[in-house]
Amino acid sequence: MSIFGEVPLAAPVAVFKLSADFREDQNPNKVNLGVGAYRTDECQPWVLPVVRKVEKMIVDDHSLNHEYLPILGLPEFRSSASKIALGEDSPAIKDNRVGAVQCLGGTGALKIGAEFLRRWYNGTDNTKTPIYVSAPTWENHNAVFSNAGFEDIRPYKYWDAGKRGLDLTGFLGDLESAPDHSIFVLHACAHNPTGTDPTQDQWKQIADVMKRKNLFAFFDSAYQGFASGNLDKDAWSIRYFVSQGFELFCAQSFSKNFGLYNERVGNLTVVAKDQDNLSRVLSQMEKIVRITWSNPPSQGARLVAITLNTPELFAEWKDNVKTMADRVLLMRAQLKEKLKTLGTPGTWEHITEQIGMFSFTGLNPKQVEYMIKEKHVYLMASGRINMCGLTSKNIDYVAESIHEAVTTVQ
Amino acid sequence: MTSCYVENDSVTSISLSELHSSSSVSDRACVHWGCVLSGSETTAVFQAENDLLENQFFIKTICLSEEAGDEMHIVSVCDGVGASKPLPIATLRHCMPMISFPGLELIPPVTFKLCSGKGPVFISAQHITLNPIEITDVEEDEDEEEDEDDEELIFTTGMLSLTDLGNDLCLQWGNHIMHQHEMSTCSVFDGAVFMSSEMKLTEDFKRDTHPDKVNLAGREYVGEHGHTTWLPLVRKIKQQIATDPTLTPEYPPILGIPEFTQRATELALGKDSPAIVESRVFGVQTVGCTGAVRLGAELLRSWYCSSSSWNGPILLSSPCDDSLTGTFKAAGIDDVQHYRYWAAESNDVCVENMVHDLENAPERCVVVLFASGHHPTGAELSQEDWKRVAEVMKKRQLFPFFLMSAQGLCSGSLEQDAWAVRHCVSLGLELLCAQSFSYSFGLYGERVGHLLCVLKQNMLAVQSQAEKLVQTLWSCPPMEGARVVATILSNPAHLVEWQEGVKGIAEHCMLIRERLRERLRLLGGPGRWDHITKPGGLYCCFGLNAQQVEFLIQRKHVYLLPNGCLNVSAINSRNLDYVAESIHQAMHSQL
């Protein structure tokens with residue numbers, strides 16, 4: 001009899017199941033609009049030219065040692081990554097109250113932040129501090145915070161399905177009614193899965209309430225540069241909060257904007273009240289890292305650090321990022337046009353109003369099923385599509401499929 | 001205040017008035033002093049009773065009781081000459097419950113105060129009294145080299161005063177905490193400072209400017225030249241990977257790439273292992289060995305014995321790496337106990353003790369076993385020992401969680417180093433095994449680890465739960481290192497070259513051990529040196545006491561781990577003599 005005999009089979013992760021089903025599908029017209037990774041117009045993954053270049057540099061550099069990185073990660077990576085989020089001339093950086101922990105992708109950064117907050121925020125080991133995540137949000141947010149020990153994870157109103165936009169009133173209402181010191185997970189830009197971001201004005205209103213109620217801002221920034229094509233624009237919300245004096249965390253991922261999905265490059269930026277607080281926070285985070293993965297992996301961090309710290313490479317990277325963002329913007333524009341041309345019922349403005357990799361089409365589950373089963377166009381049950389899955393070759397087919405789904409299925 | 005006096009066993013009982021000048025240890029009276037601080041008794045004072053004698057007071061350890069609550073505890077102290085304001089010297093929580101002092105002298109009267117937390121907190125110290133005439137003589141000699149024939153009494157070296165310690169970085173942070181508690185908190189963060197003993201050693205070594213300094217407390221294998229190494233093969237494969245147009249930067253599978261997990265599994269169990277043939281084993285590519293241990297711990301916590309939240313007991317060896325305890329506790333397994341493993345008297349594993357402790361362990365508890373390369377002692381079990389251990393494990397239904405961080409590096413043979421794991425599998429036991437590829441490939445920075453799960457049944461379900469847990473930790477693992485390992489292990493020619501490399505490392509370590517033993521033998525003095533050459537691999541333990549270790553670090557600038565554990569690969573032809581002499585001095589001088 002096995003010790004693990006009673007363990008139940010866990011439900012597969014929806015997005016990976018989707019990809020698995022897609023792979024098995026033999027239909028020649030199949031399109032995968034599921035998983036969140038960039039694709040070229042040939043529907044291929046893209047190794048950024050600057051990344052190829054730096055990879056070779058690294059492997060040819062015989063002076064690099066192979067030792068464990070420091071527990072908190074590669075120093076030049078951490079500081080340059082934080083600068084990217086907060087801006088070169090950030091007053092917080094000048095005040096020496098910004099630090100960072102190199103983590104295993106955005107997930108790892110959320111994990112370390114969550115573990116720290118559970119131990120040291122709002123008292124010690126206060127597992128009852130409410131964590132608010134947007135409704136909807138990236139499906140892993142819940143699991144990361146819950147596994148870190150938090151008992152009370154709640155949704156805050158975000159997506160208004162009726163008007164296909166941000167439910168600001170609901171959002172502000174949930175902020176007002178949240179217990180003081182609650183933690184709010186905010187998407188810095190390119191909200192996953194809705195692609196709908198607050199405007200600058202709306203961010204100001206959000207920040208006002210959060211300040212008043214001492215709510216903690218934990219930013220999730222996985223798409224900086226990828227959303228608008230402009231790094232500074234995509235970091236506006238984080239920088240605004242910092243300027244308002246918030247102490248905050250920002251979990252950064254370099255998977256998308258560097259195309260380094262498989263090297264797990266992430267950074268947890270910490271903005272503290274002062275240097276003394278910062279050093280204490282980092283010392284505790286070091287302890288947490290030590291018993292999670294000990295030291296982070298070197299490859300991806302080195303690559304990013306070299307790129308960010310070398311002016312020509314940095315410029316080339318920004319260019320590469322803009323290439324990706326521009327292609328997405330193009331696909332958005334074209335999809336909307338085609339749907340309008342087809343006369344597909346409903347408004348499709350949200351396709352170009354939304355930003356980043358994802359779009360919440362507004363298709364209901366039945367229509368989604370139709371898309372998958374009848375048209376072999378794979379998307380999430382929520383109606384979320386990955387714009388990167390669209391190419392000049394398949395966009396007509398996808399537009400027609402959406403048209404059919406909307407007109408024939410209620 | 002409860003205080004207790006315990007006579008030091010090594011000192012024959014003499015009255016203080018009988019003290020006279022001599023160089024033997026028994027001329028000074030040395031007693032242990034202790035007290036307990038708690039919410040009801042937050043202050044304790046040590047007063048020297050006899051002012052005619054020189055009183056020396058060395059604080060040794062401050063330790064949090066198991067019964068204490070989860071809150072942060074801070075102990076501060078002030079003494080007869082230090083600042084009148086109490087100085088915090090210990091911040092403790094359950095995950096870091098004890099702090100030892102390498103020789104902190106306080107001048108009586110000494111006042112201890114529990115400033116934060118309700119305790120109980122145990123404080124232990126050493127009170128030494130001497131005839132004052134001797135003191136003057138010794139003070140002059142303090143800065144000179146030790147001389148065994150010297151008639152004068154020689155004190156423990158490297159003593160610090162409270163003022164010295166006040167300059168230490170740890171305490172600067174501690175001061176801030178004191179300040180913090182006195183004023184209202186303006187930050188949302190209010191936490192204690194942490195610095196593990198291993199991290200502190202590394203920091204101290206870095207700051208040390210002594211030309212002869214040697215760091216024997218490191219983790220990595222270093223070659224004769226003093227650096228970590230790569231096989232030329234590893235560099236070649238990395239170049240191939242960097243220029244391979246077919247390799248795409250996709251999200252890898254959550255559990256890692258099959259090319260890697262399959263090879264890692266075969267390496268541990270052998271290609272024709274019944275578990276592999278019967279498809280009741282799966283592997284997870286993890287972020288280093290720590291990641292594998294953490295994932296294994298999370299898996300056990302969630303699913304062991306069909307409980308929704310199993311929290312122990314889990315048995316670790318004594319001694320063991322303190323981060324290991326921390327990793328299990330972070331996963332939610334609070335009940336961590338220890339089985340006796342390494343015995344000071346023999347400088348070796350004491351199987352009798354170990355088997356006894358396992359026989360008496362609660363049925364079905366989890367036992368962490370070291371397949372090869374125990375950290376930090378390096379002590380190994382023989383195959384006969386393993387047979388006995390496995391028998392007890394099976395009989396009492398204990399669950400083995402193997403750590404195999406250096407397969408091939410201890411004996412030079414991959415099969416031999418994995419024997420214990422394979423033997424347990426052949427007995428039909430279910431087990432977990434955390435593997436590291438850091439040492440055997442020199443890929444420390446790449447974090448290549450593997451968690452092996454051998455089950456009797458229900459493999460797919462457990463695998464799916466492992467996937468869920470991985471997503472809350474790191475989503476999916478980093479590819480670079482795993483690709484290198486998979487490429488090498490999958491290619492027969494590369495495999496041979498790699499195995500030769502591993503054998504080379506094992507042989508190098510054995511050679512250093514031989515040389516060290518020879519040196520120590522030549523230097524004379526009693527002592528058996530078998531414990532140096534009996535085990536293989538990186539680590540070796542000399543069974544030194546705290547004073548000897550402190551002597552080596554403070555006076556000789558030879559950095560090693562508690563109990564005198566050290567990494568032999570950091571010893572090379574340039575520092576061998578110095579290291580041997582230093583160890584010799586530590587063991588045979590009056591300290």
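In what follows, chains carry the letters A, B, and so on, assigned in the order in which the sequence lines appear, proteins first and then strands, with residues in each chain numbered from 1.
The shortest distance between side-chain heavy atoms of A/F4 and B/L300 falls below 4.5 Å. Within the 4.5 Å cutoff, the side chain of A/I3 has heavy atoms near those of the B/R364 side chain. Residues A/R264 and B/C476 meet the side-chain proximity criterion, which asks for heavy atoms closer than 4.5 Å. In this structure, the side chains of A/D60 and B/Q239 come closer than 4.5 Å at one or more pairs of heavy atoms. The side-chain heavy atoms of A/S298 and B/R447, taken from C-beta on, include no pair separated by under 4.5 Å. Contact annotation: the side chain of B/P249 never approaches that of A/F258 to less than 4.5 Å [non-hydrogen atoms, C-beta and beyond]. Side-chain contact check for A/L104 versus B/S475: every heavy-atom pair is 4.5 Å or farther apart. Here the side chains of A/H66 and B/E220 are not in contact, with every heavy-atom distance at 4.5 Å or above.
Here A/N147 contributes atom CG and B/K468 contributes atom NZ; the two are 10.0 Å apart, rounded to the nearest 0.5 Å. To the nearest 0.5 Å, the span separating OG1 on B/T290 from CG on A/N295 amounts to 7.0 Å. Note that the CG atom of B/L473 and the CG atom of A/L110 stand 12.5 Å from one another [nearest 0.5 Å]. Note that CG of B/D321 and CZ of A/R290 are 5.5 Å apart. Values are rounded to the nearest 0.5 Å.
Between B/R219 and A/E67 there is no salt bridge, since none of the side-chain N atoms of the basic residue sits less than 4.0 Å from a carboxylate O of the acidic one.
With a 4.5 Å cut-off on non-hydrogen atoms, A/S146 does not touch chain B at all. Heavy atoms of B/T229 lying under 4.5 Å from chain A belong exclusively to its backbone. Residue contact with chain A, scored on non-hydrogen atoms closer than 4.5 Å, is absent for B/Q397. B/D244 touches chain A through its backbone: at least one of N, CA, C or O sits under 4.5 Å from a heavy atom, while the side chain does not. Looking at A/E115, only its side chain comes within 4.5 Å of chain B, counting heavy atoms on both sides. Contacts between A/I71 and chain B at a heavy-atom distance below 4.5 Å involve the side chain alone, from C-beta outward. In this structure, chain A has a heavy atom under 4.5 Å from the side chain of B/L455, while its backbone stays farther away. At a 4.5 Å heavy-atom cutoff, the contact between B/K238 and chain A is made by backbone and side-chain atoms alike. Using a 4.5 Å cut-off between heavy atoms, A/V13 touches chain B through its side chain atoms alone. Proximity to chain A is limited to the side chain of B/F399, based on heavy atoms less than 4.5 angstrom apart. For B/L295, no part sits under 4.5 Å from any heavy atom of chain A, backbone or side chain. Using a 4.5 Å cut-off between heavy atoms, B/P253 does not touch chain A at all. The parts of B/E446 that come within reach of chain A are both its backbone and its side chain, each placing non-hydrogen atoms under 4.5 angstrom from that chain. Heavy atoms of B/L324 lying under 4.5 Å from chain A are absent altogether. For A/F16, the part lying near chain B is the side chain, with the backbone staying farther off; criterion is any non-hydrogen pair under 4.5 Å.
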Inset, instruction - Could you check B/T243 against A/K56 for side chain to side chain contact (heavy atoms under 4.5 Å, CB included), going step by step and ending with a plain yes or no? - result: CA-CA 7 Å; B/T243 50; A/K56 283 215 83 248; 3.6 Å; yes

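Minimum heavy-atom separation, B/G326 to A/I291: C-CG2, 3.4 Å. A/R52 and B/P245 get closest at one heavy-atom pair: NH2-CA, 3.7 Å. Scanning both residues, B/N458 and A/G5, for their nearest heavy atoms gives ND2-O, 3.0 Å. Shown here for B/Y439 and A/Y68, the closest heavy-atom pair between the two residues is OH-OH, 4.0 Å. Summarising the geometry of A/T292 relative to B/R294, their closest heavy-atom pair is OG1-NH1, 3.3 Å, with the distance given to 0.1 Å. Nearest heavy atom pair, residue B/P252 against residue A/Y261, reads CD-O, 4.3 Å.
No side-chain N or O of B/E480 forms a donor-acceptor pair with one of A/N262 less than 3.5 Å apart.
Counting heavy-atom pairs closer than 4.5 Å to chain B, the top-ranked of the candidates A/G108, A/A301, A/G259, A/P297 is A/P297. For chain B, the option among A/P8, A/P296, A/A143 with the highest count of heavy-atom pairs below 4.5 Å is A/P8. In terms of non-hydrogen atom pairs under 4.5 Å with chain A, the most contact-rich of B/A461, B/G218, B/A297, B/G481 is B/A461. For the options A/E55, A/K111, A/Q299, heavy-atom pairs under 4.5 Å to chain B are most numerous at A/Q299. By number of non-hydrogen pairs under 4.5 angstrom with chain A, the leading residue of B/E298, B/E430, B/K456 is B/E430. Ranked by heavy-atom pairs under 4.5 Å with chain A, the first of B/Q465, B/Q463, B/M459, B/H227 is B/Q465. For the set A/R39, A/Q44, A/R302, the count of heavy-atom pairs under 4.5 angstrom toward chain B peaks at A/R39. Between chain B and the options A/W46, A/F145, A/Y38, A/W293, heavy-atom pairs under 4.5 Å are most frequent for A/W293.
Residues meeting the side-chain hydrogen bond (donor to acceptor under 3.5 Å, both in side chains) test with B/R483, sequence neighbours left out: none.
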